[in-house]
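Because the structure is a prediction, the values reported are computed rather than measured. By convention in this document, chain letters (A, B, ...) are assigned in the order of the sequence lines, proteins followed by strands, and residues within each chain are numbered from 1.
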Amino acid sequence: MSNPTKPIIAFDTETYYDKDYSVKTMGPSRYCRDSRFECYMVSVYDGESAWSGHPKDLNWGALSGAVWLSHNQTFDQTVYEEMVKRGQVPAIQRAGWKDTSHLSAYLCNRRSLKEACEFLLGVKLTKDVRDQAKGKRWGDFTSEDREAMLNYARSDAVHCYTLWAKYGHLWPEKEQRLSEMTIEQGMRGVQIDTELLKEYIVISTQMLQKTEDLLPWVKEGRPPTSPKAMAEYCRAADIPCFPIKSHFDDGEARYAEWEQAYGKKHPWISNLSSWRSINKFLDSLQTIAERVRDDGILPFGTKYAGAHTLRWAGDAGINFQNFRKVPLFRDQQGLLISDAALLKEISNSKSLPGFVTASLDIRKLLIPRPGMRMVVSDLSQIEPRCLAKIVGDDLMLANMAAGYSPYEAAARARGEWTSPEPLKSGDKELYALKKAQILALGYGAGPDKFELMAKELAGLDLSAQDPEFIQTISETGEPCIGSDGKPILISGKGSTAKRIVKEWRDANPGVTSLWKQLDAALKNSAGGTFEMELPSGRSMRYGQVRNECRMVRNEETGALERRWVKTADIGGRRYKLYGGALVENLIQAVARDVFCEALLRIEKIPGVHILWTVHDEVVAEIENGVDPEEIDRAMSETPPWFAGCPVSAETQVVSHYTK
DNA sequence: CGGGATCGCGCC
DNA sequence: AAAGGGCGCGATCCCG
């Protein structure tokens, strides 16, 4: 906990909102700058007495020098600063400001005050009073409404305070700092190239319109992506209905196949996907345009501990963690280029080919402030490095410590590559194979999934079957021997992937035994909580573990079968879990903790301002005279609690966000 | 009219 | 027995 001698005060605000004017759609900054903005109530609680009322009536001096607490600090701080700016309330010195929604997210993966209070305090809250305030200004409240609202606001402040009083000591100082940094980053914002933004909006609006004109059902007044309309058009054209991507592991491939087969004759098929991509793109642009301030700064938010691994997540309308990497390219007809061969040609050529009439790169909009430089630095293959350390794969670790990437380290550890030449240039195919294995197989993927991931991650086509594998299925030509002592014969479709998966599992007993170990430990936790302690010292918890019997349809026979599965509660929702998934959670969480240590170091470098983060990537702007190498060094350091895990980073100075 | 569920599209 | 996982948001449909 921060200095206990300092007074602690919970601080909550209530503001006007309605259907068209809300924080949810506008984000706190834009919401508070609006002419409709009105904060008609604040509530405070200092552990002894609670007060609520109009901000003009609060004894603000009493809050001076205290540590303030809010549940969703960014909102309350933005409201408070807006009132100061408007001269409605005085500027008060504080000893700190803590966000109890972050505390709760850290402790139990619950963010809202309602869920936090229910889980941590055993108190059921109702937001009825708040919901009734929709569309009402202070003058519109009846005296009864006002009384209810005052009570409601006081109780929120009390709950916020109680969360801190009971649980604040369980939130490590470092995590509190990370929470604070997250809020600072979002409120400080990023510079936007507003001229380019305008240009992009014009072009993508035209592209969307042109694309929409080619969706025949839109003329009939149907929505552009109406699944019902699409199905009707398939039926009328006498072609099979489109496959639903999420219904199959290879749904993406099935859809591509369907589009390939019928897209030529029915142009609306590819225009539909184009419409979705352009629409999403344009929506991001419009959100940026609505929220950017007159000085060209865009405030934004990211969620501290947004995932149960405690990784950050996107927040509030514009997600800084999923800006598309490949630009949208426009063709001579003014439509989106979606043909795979053309896209490949574009990416392979140094300058834009003549058939491209516009290139829209959303990342180009995010630029450093005047006089600053932007730096992008990311941890190199952090998850496989963490996995090797966790399972104690000393050979891998030694090779990585010698400077090899995990992909090359794995090849060298098995003696598959011994030349002094780098694997990446020396044997492209082996490099791709090792990359696919490292990225895909650590968390339990089977052959079918591996075949898909190998294609996606390393461009490997494993669909061809090699009759050799029937007889000689190991690298040495020896048949692999199963647990029953008999050779394992592999043949038929998917034989290549099957062989590779098996070989990898045989060569990585540390990983497979960790799957089994965690799977067994989870099973043994049935009826209680399963907990994994992480090297950094924190724990991941899975509540109310159960072994459940579920009826599952057999893919091949179509018959319903009983399957025992293990499930547990994460943040109030039930998930199916198994060894591979737990290892994945574990490694993702460990990698996040490694990244956090780097962030805390970077943040201390004078003249460096972290802008935002994307899981293993930090985007910062640096003042004149700062050496970007300092950021690279801060990123490449192994945390003291993870000695022996070689950490490496890649850092570049850029004129706009890119990767 | 709003919430829930589902699907698609982005990212690591 | 086998099984990669983690996010957010817009569009649509359905239901109360």
Legend entry - End axis versus end axis in the helix from dC1(B)-dG16(C) to dC12(B)-dG5(C), the angle rounded to 10°, five pairs used at each terminus: 10°
Please report the distance, rounded to the nearest Å, between [atom1] in [X] and [atom2] in [N].
X	N	atom1	atom2	value
Leu452(A)	dG5(C)	CG	P	14 Å
Tyr542(A)	dG5(C)	OH	P	12 Å
His615(A)	dG5(C)	NE2	P	16 Å
Arg254(A)	dG8(B)	CZ	P	13 Å
Met453(A)	dA3(C)	CE	P	13 Å
Asn322(A)	dG8(B)	CG	P	17 Å
Ile244(A)	dC9(B)	CD1	P	13 Å
Asp361(A)	dG10(B)	CG	P	14 Å

What's the closest nucleotide to the [X] side chain, out of [options]?
X	options	result
Ser277(A)	dC11(B), dC9(B), dA3(C)	dC9(B)
Lys449(A)	dG6(C), dA3(C), dG4(C)	dG4(C)
Arg311(A)	dG8(B), dG6(C), dA3(C)	dG6(C)
Arg324(A)	dC7(C), dC11(B), dC9(B)	dC11(B)
Lys134(A)	dG2(B), dC12(B), dC9(B)	dG2(B)

I'd like to know if the side chain of [X] pairs up with that of [Y] as donor and acceptor (distance under 3.5 Å, no hydrogens or angles considered).
X	Y	result
Asp99(A)	Tyr304(A)	no
Asn72(A)	Ser101(A)	yes
Thr567(A)	Arg574(A)	yes
Tyr443(A)	Gln588(A)	no

Base, sugar-phosphate, or nothing for [X], non-hydrogen atoms under 4.0 angstrom?
X	result
Phe323(A)	sugar-phosphate
Trp515(A)	nothing
Ala440(A)	nothing
Arg573(A)	nothing
Gly580(A)	nothing

Inset, instruction - Check for a donor-acceptor pair, side chain of Arg254(A) on one end and backbone N or O of Lys245(A) on the other, with a separation under 3.5 Å. - result: no
Can you tell me if [X] touches the phosphate of [N], counting only side-chain N or O atoms and a distance under 4.0 Å to OP1 or OP2?
X	N	value
Tyr578(A)	dG5(C)	yes
Arg592(A)	dG5(C)	no
Lys325(A)	dC12(B)	yes
Lys659(A)	dC11(B)	no
His308(A)	dC7(C)	yes

Pair [X] + [Y]: basic N to acidic O under 4.0 Å:
X	Y	answer
Asp506(A)	Lys502(A)	yes
Glu118(A)	Arg110(A)	no
Arg499(A)	Glu503(A)	yes

Inset, instruction - Drop me the distance from Leu599(A)'s CG to Gln185(A)'s CD, to the nearest 0.5 angstrom. - result: 7.5 Å
Legend entry - Spacing of Trp312(A) atom CH2 and Thr182(A) atom OG1 [to the nearest 0.5 Å]: 5.0 Å
Inset, instruction - Would you kindly compare Lys566(A) and Ile570(A) by the position of their nearest DNA chain C nucleotide and give the one closer to the 5′ end? - result: Lys566(A)
Inset, instruction - Go along nucleotides 9-16 of chain C 5' to 3' and tag each nucleotide: B for a protein heavy atom under 4.0 Å from its base, S when only backbone or sugar atoms are that close, - otherwise. - result: SSSSS---
Legend entry - Flag side-chain contact, heavy atom, 4.5 Å: His102(A) against Arg111(A): yes
